[in-house]
Amino acid sequence: MTAGRPLRPPWAGPLGLHHPGSSVVHRLPAGLKLGLLAGVGVGVAVPAGPVTAVAGLVLVVGATAVARVPWHRTTRGLLPVVVTAPVLGAYQTWVRGPAVGAELALDLVTLVLAGTLVTATTRADDLLVAVARAARPLRHVGLHPETVSLAVGLFLRTVPVLVHVTGEARDAARARGLERDPRAVVVPAAVRMVGHARTTGDALAARGLAD
């Protein structure tokens, strides 16, 4: 505990955002939600002006409210974007004008919030099953859908490990007075992540999944 408050649990990554519920958003099939998320991604990639970007953001915020997802869950994932979006918007405003800058900043927040909404309203197993179904056409090129689903699951579960390892390496560098030296953070974190990857590979091989 810190200052009389319980320690905040470590971030569990994208697959740890699920919040059970019975809203209409929760009841939508996982495949449909992934399809809608892909549609949002396409919409973000097509320049349409800041008014359309605001409308898209309002729509996603409204869907999040309908789903009754606690905002503390969404804000944890949005915090880096809240910092990045204004910087991106300012740069694009300088290079391409205020309309483009505002649109890109809003689109970035919309896309991340939409992804957070999907993971918050869908169980991880359902998401991975939907990914496997979507990957079925890859069988024709010799790639098993289950392998694609496993790779996606491993990647998403590795994200919080990377965040945790980097945080510990940064704390260790700060304790040695080397917080300004990038090598003091990058090298130990990279070594630990390589070790994590080797351990994961050994575990997959032990289960006959090395291929």
Side-chain angles (χ1 to χ4, degrees), residues 8-9 11-137 145 148-149 152-153 155-157 159-160 163:
R8 191 176 190 180
W11 183 52
L15 295 183
L17 290 174
H18 180 240
H19 178 73
S22 57
S23 71
V24 62
V25 181
H26 283 85
R27 294 196 299 270
L28 289 176
L32 177 58
K33 281 187 272 192
L34 288 177
L36 292 173
L37 179 59
V40 171
V42 172
V44 165
V46 177
V51 175
T52 303
V54 171
L57 180 58
V58 170
L59 181 63
V60 175
V61 170
T64 304
V66 169
R68 297 181 181 178
V69 176
W71 283 104
H72 72 271
R73 288 181 176 268
T74 59
T75 52
R76 293 190 74 175
L78 283 175
L79 183 58
V81 182
V82 171
V83 175
T84 304
V87 176
L88 174 64
Y91 174 74
Q92 291 298 328
T93 296
W94 177 58
V95 174
R96 303 170 64 184
V100 176
E103 180 183 0
L104 289 178
L106 290 170
D107 283 346
L108 177 60
V109 175
T110 299
L111 185 58
V112 174
L113 181 58
T116 302
L117 176 61
V118 170
T119 54
T121 58
T122 315
R123 294 191 309 118
D125 290 344
D126 293 339
L127 281 175
L128 296 180
V129 168
V131 170
R133 289 175 179 171
R136 283 177 180 173
V148 176
S149 177
V152 172
F155 169 75
L156 294 177
R157 288 184 172 91
V159 172
V163 172

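Owing to the predicted nature of the structure, the values given are computational and were not obtained by experimental measurement.
- The structure places CG of Leu106 at 11.0 Å from OG1 of Thr52, a figure rounded to the nearest 0.5 Å.
- Atoms CG and CG, from Leu108 and Leu88 in turn, are 6.5 Å apart once rounded to the nearest 0.5 Å.
- When atom types are taken as modelled, the side chain of Thr119 and the backbone of Thr116 share a donor-acceptor pair closer than 3.5 angstrom.
- Arg27 places a side-chain N or O within donor-acceptor distance of the main-chain N or O of Ser22, the cut-off being under 3.5 Å.
- The two residues Ala114 and Val40 make their nearest non-hydrogen contact at CB-CG1, 4.2 Å.
- Among all heavy-atom pairs drawn from Thr110 and Ala53, the shortest one is OG1-O, 4.1 Å.
- Heavy-atom minimum distance, Thr93 versus Pro98: CG2-CA, 3.7 Å.
- Nearest heavy atoms, Lys33 versus His26: NZ-O, 3.6 Å.
- Here the shortest heavy-atom pairing between Gln92 and Val100 reads OE1-CG1, 4.3 Å.
- Leu111 and Gly41 make their closest contact through CD1-CA, 3.9 Å (heavy atoms, listed as atom of the first residue, atom of the second, distance).
- Evaluated for a side chain to side chain contact (heavy atoms under 4.5 Å, CB included) with Val54, the options Leu57, Val51, Val58 yield exactly one hit, Val58.
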